[in-house]
Amino acid sequence: MRNILPTLFTALFCLISVGAAAQVATAGGGFCGTLGKSEWLEKYQAGVYPRGQKSASLQYVPMNVVILGDDDGLGYVDPVIFLESLELLNEDFAAQNVRFFISGDIKFVNSSRYYRHDRNTGEEMRRVNNVDFHVNVYIVESAIGNCGYYSSASEGVVLQKDCINNGDRTWSHELGHYLSLPHTFFGWETRETLDNVDFDSPAPDFLSFGSTRVNVEKTDGSNCENAADGFCDTPPDYLMVRWRCEGNGFYRDSLLDPDSTRFAVFGRNIMSYASDNCVEVFSAEQEGAMAANLQSRRGLISTATPDTVGAEPGDLTLLSPEDGTRLQYEDNVTLSWSGVPNADFYVVQVNNRARFTGAVQFSYLTTDTSLTITEGLVRRRDYYWRVRPVNNYVVSGDFGEQIFEFRNGSEAVSTIDPALDAAVSVFPNPASAGTQLRIIGRDLGLSGRLSYQLMDASGRVMTGREGVQVGEAGFNERIATGNLPAGMYFLRLRLDDRLVSRRIIVTP
């Protein structure tokens with residue numbers, strides 16, 4: 001995974017589609033418009049479904065995680081930021097005895113159309129990549145111009161990568177929508193600014209949007225069951241834009257309810273638009289609704305025995321390049337380390353400074369115990385690297401204590417050789433998945449030992465061979481593509497000290 005420095009953008013605004021009864025409108029720029037509740041929540045609050053109860057035991061919910069990059073495989077979310085956000089999500093749901101876990105491998109999809117999608121393309125993205133009986137989560141650069149949204153039409157949660165860092169609760173907010181919750185300010189979403197709010201006039205008794213009528217909640221609780229979000233333990237909230245709360249957790253200005261009663265807006269609820277230093281809790285009634293909704297989603301709660309033993313960084317040993325290695329100049333370097341029990345994947349960081357504070361030059365995710373850096377290395381430069389093992393159920397943890405250093409030298413041990421490049425053919429390219437990729441070398445002019453690797457855009461080695469003796473007449477190698485996801489790959493072929501590099505495209 002290529003590390004892209006995150007931009008601080010803390011807005012939590014979202015676009016949410018909540019079922020057939022809901023109409024969705026977006027004003028762009030991070031705003032959210034929902035003119036109805038989900039049919040499920042309407043029935044739940046009417047007593048059709050039983051009140052939800054906290055499970056006596058921990059419930060594990062699988063997530064299908066899809067991380068988007070552009071067509072060139074660039075722009076993925078920083079893996080450390082991703083893991084920290086997932087940790088915060090599970091902290092927010094811990095009181096409900098719910099833990100979300102990564103099911104299988106994280107999927108990387110290189111598509112500029114999906115990476116910066118509109119509404120229709122977003123629906124297509126989810127239809128193609130969703131997995132049944134999972135919470136489907138997509139991390140993109142632009143989520144229809146918003147920080148995140150939940151679509152019930154294609155059952156997916158989409159998160160903008162710059163909105164899940166520095167304690168942002170976008171993920172928890174969107175999972176609240178997924179599990180039926182509307183905003184605490186439900187009914188006020190179409191107002192775009194507070195600039196024209198008259199704080200000395202009472203709120204109306206109801207809000208009308210076409211055929212939809214929403215009662216405005218009063219502070220005395222007299223209409224709490226049939227007004228706003230329908231939860232009586234979420235106080236009135238008329239603030240539909242991002243706002244800061246005071247140290248006591250309330251809005252700095254008071255509002256007037258329909259009875260002219262002045263009140264301060266509570267800012268701790270995750271389903272509000274209060275700033276991230278305020279929001280931290282769901283209400284008890286919200287938790288009950290989410291528990292009932294989760295139980296109603298048949299097959300979503302995992303019945304598999306969870307792997308709750310985390311991967312210990314102390315069990316990890318860095319192997320190669322050894323600490324202090326001085327390499328001859330390479331345009332790609334393979335890092336390797338020992339496998340760690342209970343590790344489902346590894347975070348690898350490479351930096352040009354020994355300290356890994358602040359921005360890190362390269363960050364990758366891999367399920368292997370080796371990783372090849374295919375671009376970006378500079379000659380005559382010292383690099384430092386470290387590895388963090390991660391378990392799909394227990395994503396918290398640290399990097400191993402070892403930090404190895406290697407120096408990329410000044411002389412090339414191998415260069416792109418024009419004669420060898422002319423002698424090598426790779427076809428078909430593009431190659432459709434399931435066909436065999438053929439690598440043929442003719443009239444090489446000399447014998448030698450042939451090695452090659454096929455790597456994905458993140459530098460992960462997908463397949464290859466090492467040290468095959470070939471003669472002057474040439475060679476004929478085949479690579480099966482049936483197990484390769486569609487995307488861009490790099491073929492690195494070396495004959496003794498001569499190098500050939502080709503970009504390969506695999507289509508669906």
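You'll find the side chain of L318 stays beyond 4.5 Å of the side chain of D323, heavy atoms only. Put simply, the side chain of F282 reaches to within 4.5 Å of the side chain of M290, judged on heavy atoms. By the 4.5 Å heavy-atom criterion applied to side chains, Q286 and M271 are counted as neighbours. Between L327 and R407, every side-chain heavy-atom pair lies at or beyond the 4.5 Å cut-off. Side-chain atoms of W385 and N351, non-hydrogen and from C-beta on, never get closer than 4.5 Å to each other. Side-chain contact check for V281 versus I270: every heavy-atom pair is 4.5 Å or farther apart. The side-chain heavy atoms of V390 and V347, taken from C-beta on, include a pair separated by under 4.5 Å. Using a 4.5 Å cut-off on side-chain heavy atoms (C-beta onward), K107 and I67 make no contact.
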Checklist entry - What's the verdict on salt bridge (charged side-chain N to carboxylate O under 4.0 Å, His left out) for D398 and R386, showing C-alpha distance, side-chain angles and the deciding distance? => result CA-CA 10 Å; D398 299 310; R386 63 179 184 172; over 6 Å; no
Next on the checklist: side-chain contact (heavy atoms from CB on, under 4.5 Å), that's the test. Do L491 and V426 meet it? Break it down for me.
Outcome noted: CA-CA 9 Å; L491 176 67; V426 181; 3.8 Å; yes
Item to check | Derivation and outcome, side-chain contact (heavy atoms from CB on, under 4.5 Å), residues E477 and R465 | outcome: CA-CA 10 Å; E477 296 286 323; R465 295 188 69 181; 3.0 Å; yes
Next on the checklist: Could you go through I479 and Q436, starting from their C-alpha distance and side-chain angles, then the distance that decides it, and tell me whether this counts as side-chain contact (heavy atoms from CB on, under 4.5 Å)?
Outcome noted: CA-CA 6 Å; I479 297 178; Q436 284 194 325; over 6 Å; no
Next on the checklist: Between M125 and L68, does the side-chain contact (heavy atoms from CB on, under 4.5 Å) criterion hold? Intermediate values first, please.
Outcome noted: CA-CA 10 Å; M125 172 183 72; L68 276 297; 4.0 Å; yes
Checklist entry - Could you walk me through whether S451 and E466 pass the side-chain hydrogen bond (donor to acceptor under 3.5 Å, both in side chains) check? => result CA-CA 4 Å; S451 299; E466 293 290 334; 3.2 Å; yes
Next on the checklist: Using the rule given for side-chain hydrogen bond (donor to acceptor under 3.5 Å, both in side chains), can you reason through Y76 versus N110, listing the C-alpha separation, both sets of side-chain angles and the distance that settles it, and then say yes or no?
Outcome noted: CA-CA 9 Å; Y76 300 132; N110 301 329; 2.3 Å; yes
Checklist entry - Step by step, would you call S38 with S180 a side-chain hydrogen bond (donor to acceptor under 3.5 Å, both in side chains)? => result CA-CA 7 Å; S38 69; S180 82; 5.8 Å; no
Checklist entry - Between T317 and Q402, is a side-chain hydrogen bond (donor to acceptor under 3.5 Å, both in side chains) present by the stated rule, with each step listed? => result CA-CA 7 Å; T317 302; Q402 288 182 308; 4.7 Å; no
Next on the checklist: For a salt bridge (charged side-chain N to carboxylate O under 4.0 Å, His left out) check, start with the C-alpha distance between R297 and E155, then their side-chain angles and the critical distance, and finish with the verdict.
Outcome noted: CA-CA 12 Å; R297 294 174 177 266; E155 280 301 304; 2.9 Å; yes
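Side chain of S85 to main chain of F82: no donor-acceptor pair is present (N/O by atom type, distance under 3.5 Å, no hydrogens or angles). The closest donor-acceptor contact from the side chain of D307 to the backbone of Y393 lies at 3.5 Å or more, if one exists at all. Using modelled atom types, no side-chain atom of T325 and backbone atom of F406 make a donor-acceptor pair closer than 3.5 Å. When atom types are taken as modelled, the side chain of N64 and the backbone of N130 share no donor-acceptor pair closer than 3.5 angstrom. Between the side chain of D70 and the backbone N or O of D72 there is at least one donor-acceptor pair closer than 3.5 Å. In terms of modelled atom types and a separation under 3.5 Å, the side chain of Y115 and the main chain of G75 share a donor-acceptor contact. Put simply, the side chain of N146 gets close to the backbone of I144: a donor and an acceptor are under 3.5 Å apart. A distance-only check finds no donor-acceptor pair linking the side chain of D368 to the backbone of S370 [under 3.5 Å]. Distance alone, capped at 3.5 Å, is enough to place a donor-acceptor pair between the N97 side chain and the S55 backbone. Not a single donor-acceptor pair under 3.5 Å links the side chain of S447 to the backbone N or O of E472.
For F93 and F100, the ring centers sit closer than 6.0 Å to each other.
Here the closest heavy-atom approach between residue V279 and residue N269 is recorded as CG1-O, 3.2 Å. Considering all non-hydrogen atoms of both residues, P389 and V387 come closest at CD-O, 4.1 Å. Nearest heavy-atom pair across G267 and S272 is O-OG, 4.1 Å. Nearest heavy-atom pair, S432 versus T507, reported as atom, atom and distance to 0.1 Å: CA-OG1, 3.3 Å. The shortest heavy-atom contact between A359 and R353 is O-NH2, 3.5 Å. What you find for D71 and S111 is that their closest heavy atoms are OD1-CA, 3.4 Å.
With values rounded to the nearest 0.5 angstrom, L446 atom CG is found 6.5 Å from D496 atom CG. In this structure, the separation between CG on N120 and CZ on R113 is 10.0 Å, given to the nearest 0.5 Å. Rounding to the nearest 0.5 Å gives a distance of 5.0 Å between CG of N136 and OH of Y138. Note that the CG atom of L89 and the OG1 atom of T170 stand 11.0 Å from one another [nearest 0.5 Å]. A distance of 7.0 Å separates CG of L454 from CG of L437, quoted to the nearest 0.5 Å. Atom CZ of residue R169 and atom OG of residue S275 lie 11.5 Å apart, to the nearest 0.5 angstrom.
Annotation: E322, atom CD; neighbour count of heavy atoms from other residues, nucleotides and ligands within 6.0 Å does not exceed 12. By the neighbour-count criterion of 12 heavy atoms within 6.0 Å, atom CG of N476 is densely surrounded, having more than that number from other residues, nucleotides or ligands.
Taking the six-membered ring for Trp and thresholds of 30 and 60 degrees, Y383 and F362 have ring planes inclined between 30 and 60 degrees apart. Below 30°, between 30° and 60°, or above 60°: for H173 and H177 the angle between ring planes is above 60°, a perpendicular geometry.
A salt bridge links D276 and R242; the closest N-O separation between the charged side-chain nitrogens and carboxylate oxygens is under 4.0 Å. Ion pair E405/R326 flagged as a salt bridge, since at least one NZ, NE, NH1 or NH2 atom sits closer than 4.0 Å to an Asp/Glu carboxylate oxygen.
Among the candidates E124, E141, R126, the single residue satisfying the side chain to side chain donor-acceptor pair (under 3.5 Å) test with Y114 is E124.
With 3.5 Å as the limit, one finds a donor-acceptor pair spanning the side chains of S154 and E123.
Legend: ring pair (Phe, Tyr, Trp, His ring centres under 6.0 Å) pairs involving residues 340-361, not counting sequence neighbours, sorted by first then second residue: W337-Y346.
For the salt bridge (Lys or Arg N to Asp or Glu O under 4.0 Å) test, residues two or more places apart in sequence or in another chain that qualify with R502 are D421. Under the salt bridge (Lys or Arg N to Asp or Glu O under 4.0 Å) criterion, R127 pairs with no residue, sequence neighbours left out.
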